[in-house]
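Encoded as structure tokens, the structure appears first; notes follow it.
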Amino acid sequence: MELKLHQFDLPLKHTFTITHESRDVQPTLIVELSWHGKSGFGEATETPYYGITMEKMVSQVESIRHLLPSDILPHPTDFWKLISKTLLDDHPFALCALDVAYWDLWGKTHNKALHEIWGLDISHNPITDYTIGIDTVDVMVSKMREMPFPLYKIKLGTDQDLEIVEALRKETKAVFRVDANTAWTPEQTIYFAPELKKLGVEFIEQPLKADNWEGMKRVYQESTLPIIADESCILEEDVAKCSGYFHGVNIKLMKCGGLTPALRMIKQAKSLGLKVMVGCMTESTIGCSAIAQLLPLLDYVDMDGCLLVDDQISKGITIDFGTVHYAKAPGTGAQLIR
């Protein structure tokens, strides 16, 4: 098996701001695994908030080069088990890129899309939201006008959060979701919830600090809107912790280590009665095409990363007014544009 690494700086269409950071460019690493003339692609983005640098990811991928199969292709779950022994001790972004690339290659080798291999029915897939990052109200409104969507995720965590949602509501009848990225207190969340509900908000994502379980218990019991975990649900062992504290979990492939653990996390969350969402980082079509394979299993999805960047490096799924259309190709359907 041949391993190639491709590094890119993806320009963002607009400055993207959340409570933790602002950025105009998204560095991303594309992993390519080739076998008998077919190539699979996976992606991981540089993310300072989690201590993920390009140099670190490249070093991690190179550390498992000697483990790549040479004779036969093991099943992707067996491949993940093999390389995760080396890569799961740290934030597993590089593990995700390798796992997705391998699943993509597996699908291409078997000439089937991954959702077909998994036996999933794609006829009732959820639509994706489109994210509006923190900015002045005028800029946030202009972003909505530029990208008319039936469903928006609004990033919050300012001193004027309710005023922002009120102003945006005047511009559209779309459904809103709000993401405070750990910026609120329990009291703020409980106070905001009924007001946000009146404004057509569907749920609140990660209002409190990730380790504030006492506060989340109170919010879970008193909030008039469902609460979805993000920063509190990173790895597989976090799913069970969220039961009784959140109404659902947002699973991100890069944070958990790829499609292999994500499939297990989805199954576990459903068994606990939790709603299931899969989110994205600010990534290219390669990463979003992998998420698309999971759509039939999800209640909610946030896979607009490829719409937020000027993606001239890849092709695969397309998104039309929130509806995800699959590429007519096996694996994830993603390709690197040479």
Side-chain angles (χ1 to χ4, degrees), residues 5-10 12 16 18 20-21 23 26-33 40-61 64 76 79-80 83-84 86-104 114 128 131 153 179 181 205-206 210 229-239 249-266 276-294 298 301-306 308-309 311 313-314 316-317 332 334:
L5 300 181
H6 310 272
Q7 300 178 39
F8 299 97
D9 287 331
L10 301 176
L12 289 161
F16 188 75
I18 61 175
H20 308 309
E21 60 176 329
R23 58 184 183 272
Q26 178 60 68
T28 194
L29 176 67
I30 306 298
V31 171
E32 178 180 0
L33 295 176
F41 300 95
E43 180 173 12
T45 60
E46 185 174 88
T47 309
Y49 179 69
Y50 288 101
I52 305 301
T53 64
M54 186 64 65
E55 293 76 15
K56 188 174 192 176
M57 290 190 293
V58 169
S59 175
Q60 288 178 315
V61 173
I64 61 87
F79 178 71
W80 188 90
I83 63 172
S84 67
T86 301
L87 299 178
L88 200 55
D89 290 339
D90 204 347
H91 284 298
F93 283 51
L95 176 59
C96 168
L98 284 159
D99 177 75
V100 170
Y102 195 91
W103 268 112
D104 185 28
L114 294 183
T128 181
T131 303
K153 177 192 273 195
D179 184 359
N181 281 117
E205 188 176 339
Q206 195 68 46
D230 183 1
E231 284 86 348
S232 294
C233 186
I234 306 295
L235 302 173
E236 290 183 66
E237 56 264 31
D238 297 328
V239 175
V249 293
N250 183 2
I251 299 165
K252 293 184 176 174
L253 302 189
M254 291 186 207
K255 292 183 182 181
C256 72
L259 288 165
T260 299
L263 286 164
R264 294 193 293 257
M265 292 172 75
I266 291 168
V276 179
M277 177 178 181
V278 166
C280 66
M281 308 300 278
T282 313
E283 59 205 88
S284 76
T285 303
I286 288 175
C288 290
S289 293
I291 294 171
Q293 305 306 309
L294 300 169
L298 309 181
V301 68
D302 169 33
M303 51 176 292
D304 63 341
C306 56
L308 300 175
V309 300
D311 182 8
I313 69 165
S314 61
I317 58 103
T332 67

Output side-chain donor-acceptor pairs under 3.5 Å for residues 249-261, partner residues at least two apart or in another chain, one line each.
from : atom 1 : to   : atom 2 : distance (Å)
N250 : OD1    : G279 : N      : 2.8
N250 : ND2    : E205 : OE2    : 2.8
K252 : NZ     : D230 : OD2    : 3.1
K255 : NZ     : Y50  : OH     : 2.8
K255 : NZ     : D230 : OD1    : 3.2
T260 : OG1    : D99  : OD1    : 2.6
T260 : OG1    : W103 : NE1    : 2.9

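From L33, atom CG reaches atom CG of L98 across 6.0 Å, with rounding to the nearest 0.5 Å. How far CD1 of I64 is from CD1 of I83: 5.0 Å, rounded to the nearest 0.5 Å. For the atom pair CD (E231) and OH (Y49), the distance works out to 5.0 Å, reported to the nearest 0.5 Å. The distance from the CD atom of Q60 to the CD atom of E55 is 12.0 Å, given to the nearest 0.5 Å.
Closest non-hydrogen pair, G316 versus T285, comes out as N-CG2, 3.4 Å. Between R23 and L12 the shortest heavy-atom distance is O-CD1, 3.1 Å. Contact record, C288 with G305: SG-N, 4.0 Å, taken as the closest heavy-atom pair. The two residues F16 and T131 come nearest to each other via the heavy atoms CE1-CG2, 3.8 Å. Contact detail for T128 and D304: the closest heavy-atom pair is OG1-N, 3.9 Å. Considering every non-hydrogen atom in both F41 and D104, the closest pair reads N-OD2, 2.9 Å.
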- Evaluation steps, side chain to side chain contact (heavy atoms under 4.5 Å, CB included), between T332 and I286: CA-CA 8 Å; T332 67; I286 288 175; 6.0 Å; no
- Item | Stepwise side chain to side chain contact (heavy atoms under 4.5 Å, CB included) test for Y102 and V31 | CA-CA 9 Å; Y102 195 91; V31 171; over 6 Å; no
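For the pair P92/L87, no side-chain contact is recorded, criterion being any heavy-atom separation below 4.5 Å from C-beta on. Annotation: side chain of I317 is in contact with side chain of C306 (closest heavy-atom distance under 4.5 Å). Proximity of H6 to I313: side-chain heavy atoms (C-beta onward) are nowhere separated by under 4.5 Å.
Of the possible polar contacts, one joining the Q206 side chain to the S232 backbone as a donor-acceptor pair under 3.5 Å is found. Looking at Q26, its side chain does come within 3.5 Å of a backbone N or O of E46 through a donor-acceptor pair. When atom types are taken as modelled, the side chain of D311 and the backbone of S284 share no donor-acceptor pair closer than 3.5 angstrom. Under the 3.5 Å distance criterion, the side-chain polar atoms of T45 are left unmatched by any main-chain donor or acceptor of E283.
Considering M54, M281, M57, E43 in turn, E43 is the only one that fulfils the side-chain contact (heavy atoms from CB on, under 4.5 Å) rule with T28.
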